[in-house]
Amino acid sequence: MEESRLRVLTPQVIAVLVRRGADFAAAEDAVQDALLEALGTWPEHPPRDPKGWLVTVAWRKFLDAARAESSRRRRELKVDGEPVPGVVGSTDDTLQLYFLCAHPSLSPSSAVALTLRAVGGLTTRQIAAAYLVGEATMAQRISRAKRTVAGVRFDTPGDVATVLRVLYLVFNEGYSGDVDLAAEAIRLTRQLAAAVDHPEVQGLLALMQLHHARRPARTDDDRRLVPLAQQDRSRWDTRLITEGVSILQRALARDRLGEYQAQAAVAALHADAQTAEETDWPQIIQWYDELVRFTGSPVARLNRAVAVGEADGPRAGLAALAELDPSLPRHTAARAYLHEKSGDVEQAARLYAEAALLAPNLAEREHLTLQAARLNAAARHSSGQAHE
Amino acid sequence: MAKYLLLKHYRGAPEALNNVPMDQWTPDEVAAHMQFMADYAERLQANGEYVEGQALSPEGTFVRYDGEGRPPVTDGPFAETKDLIAGWFAIDVEGYDRALELAGELSAAPAAGGKPLHEWIEVRPFLAQPVTITE
C-alpha cells in the first residue's frame, strides 16, 4: 500500500476513533501503532478492506492503552463496557476532524500544523520542512495543539469560516521541500467540499485552483518573478482553470456570496483573458468592491486601486491609491507601477528602488530592484542620446 | 570542522569600494549579482560547507526592558549610524583560513560595471565549538 493511500486513510481512521469517544491524542497514538503493525503485516497478508482493518486494530490498540492506563491507576477496575463499533465509512467523521483542528482555541499556526498532521496525514518531519522550522519545534507545536483540544467534544458543528481560514493559510504558505503545501491545501479543500455543502467552500476551492493553475508561469527558468501581465499564458494549466471556473459558477449561482467567491471571481477574470490587454478590468473593480464590502480589507482596497489604474488610467489609479494608508504592504510598489504607466519614469524608478527595500520576500525584492535598474538604465540611455 | 557566520551589512561596515546603489546598475549587472549569490550558496552546499543562509529586511528596531510598561522602541543606540545586517551565511568549514577564503569570494560578488563589489564581510566564529586538538 503506497504512502499516499495511507495518508488518505489515516485521518478517516482517527476520525472514527474520535467519534467513538477516544481522546484526540490517544486516537492518533493508536492509529500510529496500527500503521506500524500494518507495515509488518500487509506485505504478507494484504487486507481486503484496509480502512476496516486499520479501524479494528487501532481501536484495539486504543483500548489496550486505555486499560494499561487505568490499571496503572486503579488496578482492579476494568474499562467500562466497550462501545459497540459503528459502521465504518461516513465522511462526516473526517468533517469533525476539520472542525477539531480549526478549533477557535488554537492559534492559527497550531491549527495549521494540526490540520496538516491529522487531516492531511503528513508526518511531523514533512510539516517542519515545509515551514522551515526544526522538527523538534514542530513536534512541540503539534503536541501543544493536541493538548489544547484534548477535552473538546463534538456535538455541534463548528464554524466553516474558521476551517476555510486555516486551509487558506496552508495554501498561501506555498511549497518548499518535498511537500507542496498548495497542492495539499487543494486536496484537503476538495475533500471538505465533498463533505460539506457550502458555497464559500466551493469558492475557496475555485480560488486555490485558479491561482495554482497560473503557478508554472509565475517564475522563469532562473526562478525570478514574472508579473501577471508578462506571463506566458500557454503555461497556465487550462484543465485546472476550467474546473475552477465551473466550480465557481455553481457556487455563484446559489446567490450566497462571500469573500472567497469574490476573490475567485477576480482570479477567474484574469484566467479568462487570452492576453493581458483583454482583461476585463471594469468587472474586476466590481468584484473588488464586493470584497471590500465583505472584508473591509485594506489589501483589497489596494488591489482595487491598481485595477482602477488599469481600467481608467494611471492618474485615476494614483488618486485611488492616495486615499489609502501609505504604510500598506506593496503600496509603494503599486505607486511605482502606476507612475511608470503614466510616463513618469524618474519617479517610478525611485519608487521601485524604495519598494524593493520594503519587499516581504527575496523574489519580490529582486523583481523590484530589476524594475528600478531597468528604468534607470533606460533613462541614462535616452539622456545619453540627447547629448549626442 | 568549525562554524562561522559570514555577515553582510547594509550599513555599519565600511563602505564597499565599488559602492554604487543597486538600482543604478544595469539590469544585466543586477541579474549577474543575483546569479552569483545563488551559485555561491549552491557551491557551499555541494562542498558540504553550507549550514544555512538568509537575507534580512532593512527594517529593524531596538527594544529594551525599562521596567514596567511598554518597552522603548528605537531605531538603534548607535552614536554614528545604524548598524544593519543584510543577511548571512552560516558555514561549517575546515578552519579559519577556509572561512576567510569564502568570505573573500563572497565579497567579490559582481556589481556595477561587472566589477567586484569589494564589500566588507564580517566573519564571526560560533561559540561552543569543542577545542580541536591537532597533533
Item to check | Between A:Ser327 and A:Asp325, a side-chain donor and acceptor under 3.5 Å | outcome: yes
Side chain, backbone, both or neither of [X] within contact of chain B (heavy atoms, under 4.5 Å):
| X | value |
| --- | --- |
| A:Leu368 | neither |
| A:Ala377 | side chain |
| A:Leu357 | both |
| A:Arg350 | neither |

Checklist entry - Can you say whether B:Glu59 sits under 4.5 Å from chain A via the side chain, the backbone, both, or neither, judging by heavy atoms? => result side chain
Checklist entry - Which bit of B:Ala38 is near chain A, if near means a heavy-atom gap under 4.5 Å: side chain, backbone, both or neither? => result neither
For residues [X] and [Y], establish whether the separation of their ring centroids is below 6.0 Å.
| X | Y | result |
| --- | --- | --- |
| B:His33 | B:Trp25 | yes |
| A:Trp281 | A:His270 | yes |
| B:Tyr50 | B:Tyr40 | no |

Next on the checklist: Between A:Asp220 (side chain only) and A:Val226 (backbone N and O only), is there a donor and an acceptor less than 3.5 Å apart?
Outcome noted: no
Checklist entry - Do the side chain of A:Arg144 and the main chain of A:Ser110 share a donor and acceptor less than 3.5 angstrom apart? => result no
Item to check | chain A contacts, top residue of B:Glu29, B:Gln24, B:Gln35 (heavy-atom pairs, under 4.5 Å) | outcome: B:Gln24
Next on the checklist: Only pairs of heavy atoms separated by less than 4.5 Å count here; which of B:Ala55, B:Pro58, B:Ser57, B:Pro21 has the most with chain A?
Outcome noted: B:Pro58
